[in-house]
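Notes for the one structure printed next.
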2 protein chains.
Amino acid sequence: MRVKTLCLGALCLGDATGYDIKKLFENAFNHFHSASFGSIYPSLKKLEEEGHVSHRVEAGEKHPDRKLFRVTDEGRATFLAQLAQTPASEQLRSEFMVLLFFAHLLPTEILQQKLAEMEAHYSQELNYLESLSGCEGHTSGIDFTIGMGKSVLRTKLDYLHHHRETLLASHQNRPDSQNIRQTESSS
Amino acid sequence: MRVKTLCLGALCLGDATGYDIKKLFENAFNHFHSASFGSIYPSLKKLEEEGHVSHRVEAGEKHPDRKLFRVTDEGRATFLAQLAQTPASEQLRSEFMVLLFFAHLLPTEILQQKLAEMEAHYSQELNYLESLSGCEGHTSGIDFTIGMGKSVLRTKLDYLHHHRETLLASHQNRPDSQNIRQTESSS
DNA sequence: ACGAATATATATCAGAATGATATATATTCG
DNA sequence: CGAATATATATCATTCTGATATATATTCGT
């Protein structure tokens with residue numbers, strides 16, 4: 001889904017600045033999507049050119065230059081249509097699994113360190129999602145994403161705990177574990 | 001991790017063409033990474049300019065124009081160093097969860113359809129990973145990624161099965177469910 | 001009270017990646 | 001025997017990221 005569409009959706013929840021939308025992505029969308037300022041601001045510009053949103057400047061009050069965007073009726077209709085047509089899909093991008101894929105090329109101590117690092121990230125994200133569970137005002141759909149996110153993270157942590165030692169043991173005994181430093185050469 | 005680095009890693013497993021590398025990403029990396037031809041071919045070009053890989057043309061045999069790439073000693077060392085420095089991290093991009101986040105704006109039947117669609121994808125990917133488990137010749141690291149992938153997919157399917165009906169029920173009873181077609185207007 | 005760090009806020013840009021498209025041959029399959 | 005699929009390389013417009021620039025307000029420790 002294009003960042004443009006995502007911005008339009010964000011504005012369907014209420015008026016917001018580009019900065020506000022970024023914060024929404026960092027908070028509510030945290031565990032399943034992200035977008036940078038470099039895509040948000042140009043998106044808002046295009047949305048306005050297309051008549052999907054309008055903006056007024058809130059100046060003077062606190063900070064200057066607060067461009068508060070609002071979705072138009074036409075923009076709202078467009079978002080609804082695009083949303084209904086968006087296929088349900090997911091794509092994981094895991095540097096962690098790339099590391100595991102090539103783990104036989106790494107020293108065991110580095111592998112150990114990467115596993116610990118990933119575990120820490122998982123725990124941190126689980127904590128975050130658990131803190132979100134406490135909050136009120138969530139729709140049932142949002143609760144579903146949080147609940148699913150928590151279940152997945154618990155599964156990942158469990159998997160890590162149950163297979164960590166086995167992995168490390170077989171990594172240390174892997175064939176070629178000496179060939180990392182000396183590649184085919186008999187120094 | 002840059003596609004350039006990923007290509008270098010792929011070539012550390014054996015000589016390959018750009019096409020072969022794409023196939024590797026589609027098969028072995030399937031559940032945790034992807035890359036398109038539009039990034040692979042330019043990456044190989046740059047890697048060669050930098051002296052990390054070399055190539056020879058395999059012509060005549062079957063198809064013409066098979067550019068078979070091979071990593072140089074320097075390229076292998078570079079990849080090992082970059083791999084060890086890569087932080088363990090993961091990023092999910094889920095259109096499915098975006099749909100759930102905005103589910104209150106959709107008719108219940110569409111939501112139902114999206115849930116079914118996602119379930120089908122999960123099942124399909126689980127089947128694929130289970131077929132990979134049967135194969136031999138995997139390092140312990142690769143087995144770990146497959147095992148973790150399977151566990152996560154089973155958790156997602158379980159979550160879907162256990163919360164589907166509850167979500168659908170509360171979606172049908174959500175406030176504003178009539179306001180989707182008629183926005184504040186009393187036609 | 002003061003300086004540092006952080007938060008609010010917008011904007012641009014180089015570099016990277018996607019997804020589509022073009023081109024061409026070989027193989028498989030009904 | 002024609003269609004579809006697989007093999008193979010390459011380019012390009014559009015999109016996105018991550019970094020950088022700019023400026024003010026607030027918070028926090030000392």
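These numbers come from the heavy atoms of this one structure, side chains and all, not from hydrogens, waters or symmetry mates. Convention: sequence-line order gives letters A, B, ...; per-chain numbering from 1.
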Whether Tyr19(B) and Phe37(B) hold their rings parallel, tilted or perpendicular, with breakpoints at 30° and 60°: parallel
Counting heavy atoms from C-beta on, name the nucleotide in dA9(C), dT18(C), dT7(D) closest to the side chain of Tyr19(B). dT7(D)
Out of dT11(D), dT18(C), dA8(D), which has the shortest distance to the side chain of Ala35(B)? dT18(C)
Check the interface with nucleotides 18-20 of chain D: list each N/O to N/O pair with the protein under 3.5 Å, or write none.
none

NE2 of His55(A) versus P of dA11(C): gap in Å, rounded? 8 Å
Got a list of side-chain donor-acceptor pairs under 3.5 Å for residues 120-127 of chain A, not counting sequence neighbours?
{"from": "Tyr122(A)", "atom 1": "OH", "to": "Glu90(B)", "atom 2": "OE1", "distance (Å)": "3.0"}
{"from": "Tyr122(A)", "atom 1": "OH", "to": "Glu90(B)", "atom 2": "OE2", "distance (Å)": "3.2"}
{"from": "Ser123(A)", "atom 1": "OG", "to": "Glu119(A)", "atom 2": "O", "distance (Å)": "3.1"}

What bend angle does the helix from dA1(C)-dT30(D) to dG30(C)-dC1(D) show across its length, from five-pair end axes and to the nearest 10 degrees? 50°
Listed nucleotide nearest any side-chain atom of Thr17(A), set dA8(D), dT18(C), dA9(C): dA9(C)
Short side-chain donor-acceptor distance under 3.5 Å, Thr17(B) and Asp20(B): yes
Short side-chain to backbone donor-acceptor contact, Glu117(A) and Ala88(B), under 3.5 Å: yes
Residues at least two apart in sequence or cross-chain that pass salt bridge (Lys or Arg N to Asp or Glu O under 4.0 Å) with Lys45(B), listed by chain then number, are none
Is there a donor-acceptor contact under 3.5 Å linking the side chains of Ser89(A) and Arg93(B)? no
Residues 128-155 of chain B vs ring pair (Phe, Tyr, Trp, His ring centres under 6.0 Å), sequence neighbours excluded, gives Tyr159(A)-Phe144(B)
Distance check: side-chain N/O of Lys67(A) vs OP1/OP2 of dA11(C), anything under 4.0 Å? yes
Output side-chain donor-acceptor pairs under 3.5 Å for residues 106-116 of chain B, partner residues at least two apart or in another chain, one line each.
{"from": "Thr108(B)", "atom 1": "OG1", "to": "His171(B)", "atom 2": "ND1", "distance (Å)": "2.9"}
{"from": "Lys114(B)", "atom 1": "NZ", "to": "Ala84(A)", "atom 2": "O", "distance (Å)": "2.9"}
{"from": "Lys114(B)", "atom 1": "NZ", "to": "Thr86(A)", "atom 2": "O", "distance (Å)": "2.9"}

Against the side chain of Lys46(A), the closest entry in dT15(D), dT18(C), dT17(D) is dT15(D)
